[in-house]
Amino acid sequence: MIARASPVSIGGAGGMGIIVASLDFDLTVEADADGGVRITVRGELDLATAPRLRDALADPGGRVVLVDLRGLTFMDSTGVRTLLQANEDAASAGSELRFLLPRDGGARLTITETGIERILPTADPPP
Amino acid sequence: MRRAALAAAVLAEAALAVVDALSSAGFFVGSLYLLPVLAAALRVPPRDVRLVGGLAVALALLSGTWNGAWGDEWFVPVVIVAAASAIAVRAARERAAADVERGQLRMLYEAAQITDGAADIEDALRRLVDILVPDLADAAWIDVATPNGPARRLAARAHGPGAAEMEAWLLRRYSKARGLLSPSARVLRGEGPQLAELDERLVAAIVSGPEDRRMMEQSGLRMTMAVPLAVGEQTYGALSLGAGRSGRRYGPADLAFAELLAGRAALGLGNAQLVNRLRGAQQRLDGILGALAEAVTVQDARGRIVYANDAAARLFGLPDTQTILGAAPGELFAGFEVQHDDGRPVEPHELPSRAIARGEQPEPLLTRTIARATGEARWYLTKATPLRDEHGELLAVNVIEDVTEEKEWELRERFLTDAGKALSSSLDHAETLQRVAALAVPRLADWCSVELPDERGILQPVALAHVDPGQVAEARALRERYPPDPEAPVGGHAVLRSGRSQLLPEVTDEMLGQAIDDEEQLERARRLGLRSAMIVPMIAGGRTVGVMTFVLTGHRRYDADDLAFAEELASRAAIAVENARLYTERSEVARTLQASLLPEQLPHLPGWRAAADYRAGQAGTEVGGDFYDVFPVEDGAMVILGDVTGKGVTAAALTSLVRHTAKTAAYFDPRPSAVLALVNRALRRQPRIAPVTMVCALLGDGELTLAVGGHPLPFLRRGDEPARRVGEPGLLLGAVDAYEGGPEVVVPLSAGDTLLLYTDGVTDTRGETGRFGDARLRAVLDEGPLAPEELLERVRDALAAFEHGTVADDRAMLALQYVGARREPGRDGSGVATPSAAGPTAAGPAGPAARWSR
């Protein structure tokens, strides 16, 4: 993809994102060099924090979105539902949404249990 | 030149006398004396003509004596010369009068021309005084009125020695003069043309001090006249003329001419629109300041108000701005009690304008100002800024903003905030309303009551507060003894019916008498001293939930503002009442609905013992998303346990859908994978994605068939072995269309084997550090074999000990123990099921058609 001006309208120049932080959850939105948007989520994704990811995914400010969930330590059914909903919305909107799933920890357990790995489009981890 | 003409005439008479004396030409020559007189009449003033005429008559008489021979005819030349001299004097007078008129005409013409090429009104007015001095006056000056301020002296001209100093004095004089009695001030006040001797009395009345008096004396002015400069009826200026050193005196004719001249000049100024421009600028300024809601005043260094706009006049309660200008410093404030925010009186030196006079930069001053006459209190914010006028005098410009509304709003907002805190402090509405009533007293009322309708719609008192606690009991007793008539047109019930407030600004004794028939009741009501009242509906969501009554007993009276505020308070109280009611109702609904979504009691399962545990998360007003059910199917019993994401009505509807779909599916095909597949299909028909995780188990004789859709795998506790998970993870339901059911696993069981099915609410329970997790649950299970009820109790205890903070999620647990009782054979004709080989066996999603008996 040809590098172009960042389409991200959330806070500041390209590469500078906004950070929503809480005690055990934080979410970063940043523009990729190639025009995509990368949302990085860390901590616990549950009933209390899932709405923040939902809001970020509803208006990510870019066409190609990569959601990096590798920093998640915990995810409950609300988190699962949020990811599935975003995936379905992206499919009907024709935008590209890819996930980097956690490899271990409590969130990994939820992913294994629910089998959402088989549904969500995953991305190769960047170098 | 006139003197030369006079001398020539006198010389001519002398020459004629010599000729007359030397000749004897008779009376004809004697008559020639009249010629110089006639000539003089053409050139010299009437006085001089009279002189020449007198000389001619005298010479004619002398001529008679010199030429005594004439006899009786000596008087003929004398008569001719005398008559001709008289005519000459008369003619000279006519000529002189004509000259004066010509001069006046010239002045009038010039006066009408003053605006030609004039840069501005001051330039034009300077031209006017130039025309008048010295022909008509020794000094002239012009004052122009400004709409709300003092007049301005725009031009002055003087003649003779020391003229420059005198002009400077005249120009300077206007702002300092105590000019009320001066002719120019009278003209400006519209009193018409003025003619006055500058005698001691008038001078004493208009001079401002010793220096002014000295200049007045030095000027030599003895008489003055002033005439209006007017456009139509509107006098905008005064032209003043002074007579002094020249010795001229003014009479009515001079005044009339001056008036005519001023009229001509004014017309010219008016036509040139210079006046309009000047007045326009002033009017624009005045219009701007006049249109301001803020009062604007300008004070000089001595505190005298030299300018005030209309808002200032209103603020001081005066009919017009002129009255303010006439007031002495401090006089205006005498009518008000001025206080600080905290009630301390404001000292005069604290006023911002005083600070300006001291050369300071004052902060805005907020005051509560009470008019002594009316008792009305208003809040003002006074800001003052320094300004220097064209003479360098320091002025203070005061902008006084009426902030009563904002301040009252702020006070009321603070009150409503307090009320809001009181209202949200408790869900017990009786307690809440008592606090609100107490808050309204004495700020809004001397007594305040809250009444809510009972189930029959009859108002019942809920809260009552009185400024005098001793009266609470009496007010309550009166209310109890004489409950209000529900049909009365005035009162709580009428307000409850109509939803409209009733404001009774003045409750007279007569009104009480009309409303109350009972003597004793009337007497007691009188003693309560009701003087002004408001009855206000408590409206929430378009429904009148109650009535608030506010009563005043003192001198204060309620007005529309009070009513609006009371309505605001009542609506907030109404919302609190409604919230309390809804909360109660919702808790009730949630409890009822939740109960309907879970089996009331687990059915009896032959060969099995079972126990269930369920707890809804949060405050109990929402229906949770965890569910379980146990129901008989053809070859035994089916157990489902799962988690619908979300809470509330949506979750309840989904739970219901899942349970009924599962039951229906199991009726036709009891394979767990088939049940999951069908539930998935039902979920995919939902408008929004509805992920559901679920365990489905078919309980058989000595074995159990299990399918898991995205749910935590159940634990199996067998004998003394540590607990282990059973089943194969399958995809959660509701996420994809093509779902063929999770992998089915058949678990052979021996008597005493115990299974624990649970939702993630158990392992996700939050503690002080981290979550409850698998390990802790496993540890409880490993403590030893237990009956289902005891097992659940152990888990509950462990969770209670671990739990920290609010409970966010629901949790559900189902414990099943196989007790090994054989099923009655022959019921489905399939005979006794034989346990399969030891250990769980996995089967593909396609599922063994040969079902679980293999």
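Throughout, protein chains are lettered first and strands after them, A, B, ... in sequence-line order, and every chain is numbered starting at 1.
Heavy-atom neighbours of chain B within the stretch residues 107-118 of chain A, taken at a separation under 4.5 angstrom, comprise A/Leu109, A/Thr112, A/Glu113, A/Thr114, A/Gly115, A/Ile116, A/Arg118.
Here the rule is side chain to side chain contact (heavy atoms under 4.5 Å, CB included) with B/Pro691, and of A/Thr82, A/Leu83, A/Leu84 only A/Leu84 fits it. Each of B/Asp764, B/Asp643, B/Val644, B/Asp626 was checked for a side chain to side chain contact (heavy atoms under 4.5 Å, CB included) with A/Ser77, and the lone residue meeting it is B/Asp643.
Taking OG1 of B/Thr759 as the start and CG of A/Asp76 as the end, the distance is 11.0 Å to the nearest 0.5 Å. Rounded to the nearest 0.5 Å, atoms OG1 (B/Thr693) and CZ (A/Arg81) are 12.0 Å apart.
Of the two parts of A/Glu88, only the side chain, counted from C-beta on, holds a non-hydrogen atom closer than 4.5 Å to a non-hydrogen atom of chain B. Residue contact with chain B, scored on non-hydrogen atoms closer than 4.5 Å, involves the side chain of A/Ile119 exclusively.
B/Glu768 CD: 12 or fewer foreign heavy atoms inside a 6.0 Å radius. Within a 6.0 Å radius of CZ in B/Arg681, no more than 12 heavy atoms belonging to other residues, nucleotides or ligands are found.
Contact tally against chain A (heavy-atom pairs below 4.5 Å) for B/Gly730, B/Pro729, B/Ala690, B/Ala735: the top residue is B/Gly730.
With salt bridges taken as basic N to acidic carboxylate O contacts below 4.0 Å, one links A/Asp46 and B/Arg766.
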